[in-house]
Number of protein chains: 2
Amino acid sequence: MRGAPSKPKAELMAVAAEPAADTPLDIGELADLLGYSMKRAQLKVFDHFLRVMAPLHLTPAQFSVLLLLERNPGRNQTEVANTLGILRPNFVAMLDSLEAREFCVRKRSSSDRRSHVLMLTEKGKATLARAKKLVAGKHEARLSEVLGEDNRVALVQMLAKIAREL
Amino acid sequence: MRGAPSKPKAELMAVAAEPAADTPLDIGELADLLGYSMKRAQLKVFDHFLRVMAPLHLTPAQFSVLLLLERNPGRNQTEVANTLGILRPNFVAMLDSLEAREFCVRKRSSSDRRSHVLMLTEKGKATLARAKKLVAGKHEARLSEVLGEDNRVALVQMLAKIAREL
DNA sequence: TATTGTTATACTCTATAACTATA
DNA sequence: TATAGTTATAGAGTATAACAATA
């Protein structure tokens, strides 16, 4: 389909001719706009992540929370949410869901009874271990395949620099 | 603030000590996750775009539509929306807003009365010209300043490759 | 008085079904 | 019957105000 440009209709008489339908649009300067390529690429990357992670039903945001809890056990909700750029009110439902799936627990802090100390459960640790293997073996590996490993690393460095310095 | 780590409270007796509050969390493996850096960077880039474009009140999505209409006059809503990855139903309100601001017009196609042919108005062209100057002079220029011009170009190429091939 | 977790709420984006008018 | 534009609607994601418990 879409092979031969068969045009049975006579269009010779078209006056202020409308453009050749069927032809892909020219994105022009959009191709050089960093924000445009970044948004399109980001959607693809998250979509690929979700497909790879489908067996574990973890979103990128959930995975990032589990990673952070593993590396920083005993922190409170405000600290974790802030680190990830999540607003505290929006972090509540997210934690509810992770706690309902028994990946982590909230515990009243003994030193400050206002705050909840967060920790992974054994189930959370096990799930995170499986998730990491999927991400490394199927997700990041695919990105290295597309870009080349050196470029993938360079790309992450540039993105981190933008996030830090822009 | 946050200069000297003044710790008046005696914490020597803490048994299963909670982590040193006040210390930034360790993002660990998150720093190497492409999707994570890309999301954080993308938010920063769009935020910067919005600040630069504040005098014209144009979002990245609106700017991309105007660019596409300029380069591809006479296309219909489905074609433009598809090219930008916008769903047709969601494109309606967006066009309503751009048309209300007199940046573009919908015209019934003479060859297919179902479709609307889209074109920039003179006001739309003039606004787009101003927008392009802001983007080139203040937005992309800032990104080149942060990354270096060669790296900025290389970055766009890698992002485009991901959008195409992942 | 200030902070933690929380609720309520609102606004934007995104996604799907279904209608209408044309083809 | 199929397609273009549209409406309605629902779900994420994100943002702010305010309250109870605690500091």
Side-chain angles (χ1 to χ4, degrees), chain A residues 1-2 8-9 18-19 21-22 25 35-36 39-40 42-44 46-47 49-50 57-65 74-100 104-118, chain B residues 1-2 8-9 18 21-22 35-36 39-40 42-44 46-47 49-50 57-65 74-100 104-118:
Chain A
M1 213 161 286
R2 196 163 289 252
K9 303 272 182 66
E18 282 164 19
D22 207 16
L25 299 221
Y36 179 76
K39 179 71 178 189
R40 299 302 290 258
Q42 190 264 312
L43 291 172
K44 288 278 196 161
F46 269 38
D47 188 72
F49 182 100
L50 285 170
H57 297 291
L58 282 181
T59 65
Q62 290 172 327
F63 179 66
S64 70
V65 171
R75 295 302 195 126
N76 69 28
Q77 297 183 197
T78 298
E79 291 172 316
V80 174
N82 282 344
T83 303
L84 294 174
I86 300 171
L87 291 169
R88 275 70 76 213
N90 299 331
F91 193 51
V92 173
M94 190 165 181
L95 260 191
D96 286 347
S97 139
L98 291 174
E99 210 177 6
C104 65
V105 289
R106 290 184 245 226
K107 231 190 53 178
R108 281 246 170 255
S109 164
S110 49
S111 57
D112 182 343
R113 293 179 42 71
R114 288 172 303 183
S115 59
H116 291 166
V117 150
L118 302 176
Chain B
M1 214 161 285
R2 193 163 290 252
K9 304 271 182 66
E18 283 166 17
D22 207 16
Y36 179 77
K39 179 73 177 185
R40 300 302 292 257
Q42 190 264 312
L43 291 173
K44 288 276 195 162
F46 270 38
D47 187 72
F49 182 99
L50 285 171
H57 297 291
L58 282 180
T59 66
Q62 290 171 326
F63 179 66
S64 70
V65 171
R75 296 302 196 126
N76 68 30
Q77 296 183 200
T78 299
E79 291 172 315
V80 173
N82 282 343
T83 303
L84 293 175
I86 302 171
L87 292 168
R88 274 70 78 215
N90 299 332
F91 193 51
V92 173
M94 189 164 182
L95 260 191
D96 287 347
S97 138
L98 291 174
E99 211 178 4
C104 64
V105 289
R106 292 184 245 226
K107 229 190 54 176
R108 282 246 170 255
S109 164
S110 48
S111 56
D112 182 344
R113 294 179 40 73
R114 288 172 304 183
S115 59
H116 292 166
V117 152
L118 302 176

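First the proteins, then the strands, lettered A, B, ... as listed; each starts at 1. FYI, side chains are in, hydrogens and waters are out, and symmetry mates aren't considered; it's all heavy atoms of this structure.
- Closest approach to the A:His116 side chain among C:dA17, D:dT16, C:dG5 is made by C:dG5 (side chain taken as heavy atoms from C-beta onward).
- Taking every side-chain heavy atom of A:Asp112 into account, D:dT22 is the closest of D:dT22, C:dT6, D:dT14.
- Using a 4.0 Å heavy-atom distance criterion, B:Asn76 is classed as a sugar-phosphate-only contact.
- One interatomic measurement links the two molecules: CG of B:Leu95 to C1' of D:dA4, which rounds to 13 Å at whole-angstrom precision.
- Within the 4.0 angstrom heavy-atom criterion, only backbone atoms of the sugar-phosphate kind lie near B:Arg113; the bases stay farther away.
- Residue B:Arg114 has its side chain nearest to D:dT3 when only D:dT3, D:dA23, C:dT4 are considered.
- Atoms CZ (B:Arg106) and P (D:dA4) sit 15 Å apart, rounded to a whole Å.
- The separation between A:Asn82 atom CG and C:dG5 atom P is 10 Å, rounded to whole Å.
- Rounded to whole angstrom, the span from the CD atom of A:Gln62 across to the C1' atom of D:dA12 amounts to 12 Å.
- Following rounding to the nearest Å, B:Ile86 (CD1) and D:dG5 (C1') show an atom-to-atom distance of 15 Å.
- Projected onto DNA chain C by closest heavy-atom contact, A:Pro89 and A:Leu43 fall at different nucleotides, the more 5' of which corresponds to A:Pro89.
- Judged purely by atom type and a 3.5 angstrom limit, B:Asn82 uses its side chain to pair as donor or acceptor with the backbone of B:Thr78.
- The CG-P distance, from A:Leu87 to D:dA17, rounds to 12 Å in whole Å.
- Side-chain atoms of B:Asn90 lie closest to C:dA15 of the nucleotides C:dA15, D:dT6, D:dT16.
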- Apply side-chain contact (heavy atoms from CB on, under 4.5 Å) to A:Gln62 and A:Ser97, showing your working. CA-CA 9 Å; A:Gln62 290 172 327; A:Ser97 139; 3.6 Å; yes

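- Listed pair B:Ser115 / D:dG5 fails the phosphate criterion, with no side-chain N or O lying under 4.0 Å from OP1 or OP2.
- Rounded to whole angstrom, the span from the CD atom of B:Gln77 across to the P atom of D:dT3 amounts to 17 Å.
- Remark: A:Phe91 CZ to A:Ile86 CD1 distance equals 5.5 Å, nearest 0.5 Å.
- Distance OG/B:Ser64 to NZ/A:Lys39: 11.0 Å, rounded to 0.5 Å.
- B:Lys107 has its NZ atom 18 Å from the P atom of D:dA4, to the nearest Å.
- Side-chain contact between B:Gln77 and B:Arg106 is present, with at least one heavy-atom pair separated by less than 4.5 Å.
- Projected onto DNA chain D by closest heavy-atom contact, A:Ala61 and B:Thr78 fall at different nucleotides, the more 5' of which corresponds to B:Thr78.
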